Amino acid sequence: MSRIPNTYIALFAALAIFPAAVNNVLVHDVFILSALYAYLATAWNIQAGFAGLISIGHAAYFGIGAYTTGILGSKFGVPPLIGFLAGALISGAFAAATSAPVFRFGVKGYYYVLTTLAVAEALRLIFLAWDFVGRSEGVWVPPRGDSLWHLQFASSRIPYVYIILTMLILATLLSHYIRRAQFGLRLLSIREDEEAAQSVGVNTFRHKLIATVMSASLTSLGGAFYIQYTLFVEPDTSMSVPISIDILLPAMIGGQGTVIGPLVGSFVFNPLSWLTRIFFASDVLPYILRGILLILIVLLMPRGLVPVVEDYVKSRRARGG
Amino acid sequence: MLVLSNITKTFGGVVAVRNMSMEIEKGELVGLIGPNGSGKTTLLDVISGFYKPDSGLVKLDGAPLNRTPPFERAKHIGRTFQIPRIFSRMTVKENLMVVEMNEEKALQLLEMVQLSRLADEYASNLSGGQQKLLEFARTLMMNPKIVLMDEPFAGVSAPLIQRLSDVILQLNSEKKIAFLIVEHNLAALFKVCHRCVVMDQGSMIADGSPEDVSRNSQVIKAYMGE
Amino acid sequence: MIPGISSSIFLNLLFNGFFLGSIYALVGAGLTLVFGVTRLVNFAHSILMVSAMYFSYYIWSVLGVEPFLLLPLSFPLFFLVGYLIYRFLIKFVVDQSFSSQVLATLGLFLIIQYGIVMLWTSNTYTVNSPLRNIVFRFDGVFISLPHLLTFLTTLAISFALYYFLKTTYIGRAIRATAQDPEAAKILGIETNYIYSISLGLGTGLAAVAGNMLAMSYSIDPYIADVFLVMAFVVIIMGGMGNYIGAILAGYIIGMLEVFTAFFFLPLLKHAVPLLLLIIILIFKPEGLLSRRLRA
């Protein structure tokens with residue numbers, strides 16, 4: 001097992017202390033949002049950043065997680081924790097079923113990206129037409145006050161803060177472990193050159209499939225958390241392209257393919273997006289901000305924040321000794 | 001050990017390899033030469049499994065490989081490419097550890113190709129020649145029985161060619177690894193290989209010792225044109 | 001005839017399919033032209049079509065000019081928009097990885113889409129032109145004038161552009177660049193110039209679609225989401241980069257959508273083409289109409 005870098009531990013500690021120190025519901029909400037999308041981007045990064053399988057359809061897995069927990073809870077009285085697990089299983093199975101033929105037939109590059117988009121949009125449109133999942137009205141979870149059993153907390157945001165923070169830290173550690181393990185190296189080799197990876201014995205089909213299923217299951221857990229937090233989910237706000245963009249954007253900003261990039265990116269972007277909304281009193285500007293950031297990152301900093309900072313620190317150490 | 005029988009491969013009606021049969025013994029060092037477009041790289045790709053032959057059979061130690069996917073074949077059949085296909089955004093050491101998480105072995109192999117001081121560098125920072133050495137070392141992590149090399153000496157400086165030739169000869173004599181080397185630099189190739197196969201327009205036109213081949217009139221004609 | 005429905009219903013559906021298919025054909029033709037030449041998948045394509053709808057609406061609401069009559073103005077205007085988008089953005093990503101291109105053009109999509117929301121909110125607008133109410137009817141079959149105009153314009157424009165690509169010097173340079181950019185460079189064709197012209201033409205086609213659509217559809221910024229995906233269905237079905245393939249696929253998808261909505265479930269009208277797309281992507285990513293028809 002490889003050692004966890006001190007910077008990670010410092011970051012985790014700072015994230016754990018901050019919400020306890022600042023007791024403000026609004027700040028907690030922004031914190032939860034940032035941690036949730038950091039978590040989701042970390043899950044996305046395992047597939048897209050490590051294995052190079054860029055997805056613009058991760059909202060599908062997010063939606064499956066939210067809907068599974070929501071429907072099991074509201075219609076069948078199943079406790080959320082079982083809903084979380086069921087969502088992860090269904091999401092993983094869905095990812096496997098849709099990805100296996102895609103990988104088997106060698107769908108790559110643009111065609112792969114478009115497949116992820118098509119699958120997510122098809123799912124959204126089916127949900128909009130499907131009575132069982134409530135069509136465009138979506139699913140409401142009945143409020144239960146403060147209950148650990150029902151995983152709902154009405155009087156304080158703090159439990160939500162620490163649940164999602166725990167999920168984020170665990171996901172980051174998982175990502176760290178994968179990156180150092182042979183499995184991770186093999187994912188990277190697929191990203192760099194799939195045929196060359198095969199030429200050194202990497203079963204690329206299996207590795208891509210495992211990475212995708214893993215990413216999908218983790219993403220669905222984020223969706224499950226989301227519905228416990230908002231108690232409501234509907235297709236247009238949980239499975240649409242903007243959600244997929246929100247999932248990948250933090251990884252892009254922080255540095256796709258790095259372990260800590262998604263976390264850094266999310267805690268930079270989401271508070272910034274929130275401040276934009278408050279400062280300009282506009283719900284629209286944050287979306288324009290997303291667009292501008294996407295373009296700026298591609299043009300000016302395609303590797304993302306974390307590698308740039310790392311290089312800077314390295315070069316200063318090299319010079320300053 | 002490696003047996004090719006009657007391999008034919010066409011691309012949309014154009015014949016790239018025509019009815020090729022050959023055999024490579026354990027520990028044999030075979031050169032594969034021929035003019036551009038004579039089907040040498042296609043043949044390597046058929047052996048590696050990247051292309052399915054239209055007809056014919058590839059066998060390794062008596063077992064037919066036609067249904068074996070490339071990554072399974074790679075466990076015994078190493079491969080390097082004309083333009084080195086390294087994993088650019090990974091370190092030199094990581095490039096080797098994709099194959100096996102054995103740092104000691106990776107460092108030994110890097111030492112052998114004189115890259116160990118660059119072990120933690122990103123592979124993209126290596127020169128073209130160094131990338132070829134890295135790709136070669138990565139292949140050796142697999143403990144292959146045979147290595148297929150596509151123009152290992154092209155674009156490589158003279159000292160590096162010397163180094164690479166030494167390593168090939170050393171591995172060949174110590175570990176009895178067989179080699180099939182596609183190369184245009186005949187002077188360098190003839191110094192290492194025991195045997196030389198010549199292809200022209202998809203077919204084998206000669207097979208013999210480097211001396212025999214270089215005196216063969218058909219080979220000279222193929223190279224010089226009509 | 002299909003059992004169970006009268007021939008007039010069938011014909012009505014068919015004519016609706018021709019209308020919707022025309023829009024898809026125009027949008028698809030523009031997107032595929034850009035891809036064929038620059039190898040860029042432009043995720044901002046559909047929002048440019050929607051921009052043209054707003055442009056039509058704006059001119060109509062201020063000056064009362066019919067969207068149809070705006071064509072001679074909006075095509076060159078959006079040609080220029082496409083040209084400038086190339087010069088100021090695409091030029092810098094055209095040699096980068098496909099993921100960079102996807103993300104940069106998605107970024108552009110968001111900027112334009114929410115820019116529209118800022119200017120016009122996300123309310124729905126309608127061009128209430130008198131043309132809308134002109135409907136030809138015979139024997140229970142209805143064809144509205146905007147639909148007819150859309151169909152005829154699409155035919156005219158797609159043939160004109162095909163002719164342009166086949167016969168003019170620039171058209172041939174565009175095709176040469178699409179075939180082999182390196183060879184085109186050697187022949188002295190400036191690829192950046194050709195790329196910007198292509199993006200201009202593609203955007204111009206999207207604008208024509210937007211103009212025509214503004215005559216029959218109500219306008220809101222989120223139409224672009226559906227058309228973003230549907231345009232991909234069209235160009236992949238037609239074979240990416242295949243101009244005539246995209247036009248044919250546009251009509252096929254238009255028909256499929258109209259008939260799905262009638263016989264199956266209106267809410268699934270977009271899901272069915274999408275499922276078809278997924279199947280095509282997996283089994284025949286080079287497109288159903290992959291016989292080499294590339295213009």
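Everything quoted here is computed from the prediction, not taken from an experiment. Chain naming here is simple, since letters A, B, ... match the order of the sequence lines and numbering starts at 1 in each. The analysis underlying the following values was restricted to heavy atoms, covering all of them including side chains, and did not include hydrogens, waters or symmetry mates.
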When only heavy atoms count and the cut-off is under 4.5 Å, which of residues 100-109 of chain A reach chain C? A:Pro101, A:Val102, A:Phe105, A:Val107, A:Gly109
Name, in order of residue number, those residues of residues 119-130 of chain A that have a heavy atom at a distance of less than 4.5 Å from a heavy atom in chain C; otherwise write 'none'. A:Val119, A:Glu121, A:Ala122, A:Leu125, A:Ile126, A:Leu128, A:Ala129
Side chains of residues 290-306 of chain A: which donor-acceptor pairs under 3.5 Å do they make with residues two or more places apart or in other chains?
residue, atom, partner, partner atom, Å
A:Arg290, NE, A:Asp246, OD1, 2.6
A:Arg290, NH1, A:Ser273, OG, 3.4
A:Arg290, NH1, A:Pro286, O, 3.2
A:Arg290, NH2, A:Asp246, OD1, 3.4
A:Arg290, NH2, A:Asp246, OD2, 3.3
A:Arg303, NH1, A:Asp311, OD2, 3.4
A:Arg303, NH2, A:Asp311, OD2, 2.8

Sequence-distant partners of A:Tyr287, ring pair (Phe, Tyr, Trp, His ring centres under 6.0 Å), two or more places apart: C:Tyr114
Heavy-atom distances under 4.5 Å only: say whether C:Gln113 touches chain A with side chain, backbone, both or neither. neither
Measure distances from A:Val284 to the heavy atoms of chain C and classify the residue's part below 4.5 Å as side chain, backbone, both or neither. both
Can you tell which part of C:Phe98 gets under 4.5 Å to a heavy atom of chain A, answering side chain, backbone, both or neither? both
Taking side chain as everything from C-beta outward and backbone as N, CA, C, O, which of these in C:Val41 sits under 4.5 Å from a heavy atom of chain A? Side chain, backbone, both or neither. both
If one checks every heavy atom of C:Ile111 against chain A at 4.5 Å, the contacting part turns out to be both
Using a cut-off of under 4.5 Å on heavy-atom pairs, state which of A:Leu289, A:Leu249, A:Ile54 scores highest against chain C. A:Ile54
Check this for me, if you would: do A:Glu234 and A:Arg135 make a salt bridge, where the nitrogen-to-carboxylate-oxygen distance has to be below 4.0 angstrom? no
Check whether C:Leu277 gets within reach of chain A through its side chain, its backbone, both or neither, counting any heavy atom under 4.5 Å. side chain
